[in-house]
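A quick write-up on the structure given underneath.
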2 protein chains.
Amino acid sequence: MDVSARRPDKVQVGELAGSLGFLLRLAQLHAFEDFFSDHGPRGLKPGEFSVLWVIACNPGIRQSALGQRLMIKRAHMTKLVRALEDANLVSREIPDADRRAVELTLTPNGRQAVDKASDAFFGYEETTGAPLSLKERAQLIALLQKYVGLAEETGR
Amino acid sequence: MDVSARRPDKVQVGELAGSLGFLLRLAQLHAFEDFFSDHGPRGLKPGEFSVLWVIACNPGIRQSALGQRLMIKRAHMTKLVRALEDANLVSREIPDADRRAVELTLTPNGRQAVDKASDAFFGYEETTGAPLSLKERAQLIALLQKYVGLAEETGR
DNA sequence: GGATTTTTGTTTACAAGGAAACAATCTCTC
DNA sequence: GAGAGATTGTTTCCTTGTAAACAAAAATCC
């Protein structure tokens, strides 16, 4: 039997190497690994941070809108928000205009947490993408933005 | 309160739109959504297919090597392989040379399953990446390959 | 204006995946 | 060749996320 199969760096993946879905999964795991390695989590996980960040950008946003933009399912969003509320980071308010909905706002405490974490998050971001040049990294980001339909959001 | 926060397409994500980790997560979910929408799963989930495919490419590969290349943790790999074995798709053999290890091979049944599924998988792949041109898609794939360290594997 | 349908969030039950502790085997050093 | 340490896979427990059924409140349709 071929010895190469026992050496991880020699494993053949064939056509799979050209599969977008496969590459995206690998890339995401890669990014997460980066993330959890160099800076020890300062208490705020990536998912939590992104939720808080988007609430900060859109005060009073509804759970459904938040979930759609972040691709978080409603069932999961309920748990996430409840945890953030328990941690006194967000407050939920039911608007009179639509008593089914929940509007989310950061508590002062939450605003403080985002402020503190955002430097670490975005600062770290710039140092990610190890094997890529800065130009390639920018290109990759632009392509991903287009792919996920987030292209023109930045400049708005 | 600003009404825009209630319209999902108007949600602001600010600097998050430039975060590689965030974009990769979104992109992967996007790809998965595509995948499960247009062709109903023909019994083989993406994860299962990739495992079978790589075993097909590397007969006798060890669980550890497979896991490293596919970024699947050992604990999870054990469960995955057991399920595939129960489904009579792969066979496990403990080599005399190293009795800790497990060498994986496809059963005839497994080889058949891969053959049948691979057309669907790779055929589907080419139609993915909706908002991207073919050139952009190729560029994205090349960048991802470099990012995850799979750049020169293809041609080897 | 009352019945039907949709939207929004919650609950419950489950699947996917990871961390840590463990057991077995191999390797390395003396 | 007898221990010390590393590797490989498994088990158990836990976290993260999903699917489906549900309840309450709009919106829609005669």
Side-chain angles (χ1 to χ4, degrees), chain A residues 5-8 11 21 25-26 28-33 35-37 40-41 43-51 60-87 90-104, chain B residues 5-8 21 25-26 28-30 32-33 35-37 40-41 43-51 60-87 90-104:
Chain A
R6 285 166 207 149
R7 305 205 20 209
V11 173
R25 178 180 159 280
L26 246 53
Q28 206 220 317
L29 291 175
H30 203 80
F32 258 66
E33 215 165 60
F35 182 84
F36 285 115
S37 65
L44 226 47
K45 280 169 278 182
E48 298 169 334
F49 174 75
S50 62
V51 167
I61 193 176
R62 297 189 179 177
Q63 279 194 198
S64 56
L66 181 58
Q68 276 177 264
R69 179 75 284 179
L70 260 38
M71 292 228 219
I72 297 173
K73 298 286 182 304
R74 287 174 313 170
H76 189 210
M77 187 60 84
T78 296
K79 300 181 198 171
L80 266 179
V81 169
R82 168 136 51 215
L84 293 173
E85 193 186 22
D86 287 349
V90 316
S91 74
R92 299 161 23 110
E93 189 175 352
I94 294 169
D96 281 345
D98 185 346
R99 311 230 354 249
R100 299 166 299 182
V102 176
E103 290 182 351
L104 303 173
Chain B
R6 286 168 207 148
R7 305 202 26 205
R25 177 181 160 279
L26 245 53
Q28 205 221 317
L29 291 175
H30 203 80
F32 258 65
E33 216 164 60
F35 182 83
F36 285 115
S37 65
L44 228 46
K45 280 169 278 182
E48 298 169 335
F49 174 75
S50 62
V51 166
I61 192 176
R62 297 190 178 176
Q63 280 193 197
S64 56
L66 181 58
Q68 277 178 263
R69 179 73 284 179
L70 260 39
M71 294 229 217
I72 298 173
K73 297 286 182 302
R74 287 175 313 172
H76 189 211
M77 187 59 85
T78 296
K79 300 178 199 173
L80 266 179
V81 169
R82 167 135 50 214
L84 293 173
E85 194 186 20
D86 287 350
V90 316
S91 74
R92 298 161 23 110
E93 189 176 352
I94 294 169
D96 281 345
D98 185 347
R99 312 226 356 248
R100 299 167 299 182
V102 176
E103 291 182 352
L104 303 173

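Chain letters run A, B, ... following the sequence lines, proteins first, then strands; residues in each count from 1. Reckoned from all heavy atoms, side chains included, excluding hydrogens, waters and symmetry mates.
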- Message: Could you work out, with side chain to side chain donor-acceptor pair (under 3.5 Å) as the rule, every residue matching B:Arg99, not counting sequence neighbours?
- Response: none
- How far does NZ of B:Lys45 sit from CG of B:Leu80, to the nearest 0.5 angstrom? 8.5 Å
- Message: I need the CD1-C1' distance between B:Ile94 and D:dT7, as an integer number of Å.
- Response: 15 Å
- Item | Side-chain N,O (B:Ser64) to OP1/OP2 (D:dG9) below 4.0 Å | yes
- Counting distance only, does the side-chain N/O of B:Arg74 pair as donor-acceptor with the main-chain N or O of B:Gln63 below 3.5 Å? no
- Message: So, taking the atom named CD1 in B:Ile72 and the one named NZ in B:Lys79, what distance separates them when rounded to the nearest 0.5 Å?
- Response: 12.5 Å
- Query: What does nucleotides 15-24 of chain C look like as a protein-contact string, B for base, S for sugar-phosphate only, - for none, at under 4.0 angstrom between heavy atoms?
  - Reply: -SBBBB---B
- Query: Roughly how far apart are B:Leu44 CG and B:Leu84 CG, rounded to 0.5 Å?
  - Reply: 8.0 Å
- Item | Of A:Asp98 and B:Val81, the one whose closest DNA chain D nucleotide lies more 5' | B:Val81
- Task: Let me know the distance between CZ of B:Arg62 and P of D:dT10, rounded to the nearest Å.
- Result: 13 Å
- Of all the choices, C:dT25, C:dT10, D:dG9, which nucleotide is nearest to the side chain of B:Arg92 once you look at every atom? D:dG9
- Item | Interatomic distance, B:Arg92 atom CZ to B:Glu85 atom CD [nearest 0.5 angstrom] | 5.0 Å
- Query: How long is the line joining CD of A:Glu93 and P of C:dT8, in whole Å?
  - Reply: 18 Å
- In whole angstroms, how far is the P atom of C:dT25 from the CD atom of B:Gln63? 16 Å
- Note on the structure: When rounded to whole Å, the CD to C1' distance for the pair B:Glu85 and D:dT10 reads 14 Å
- From CD1 of B:Ile61 across to P of D:dG9 the rounded distance in Å is 10 Å
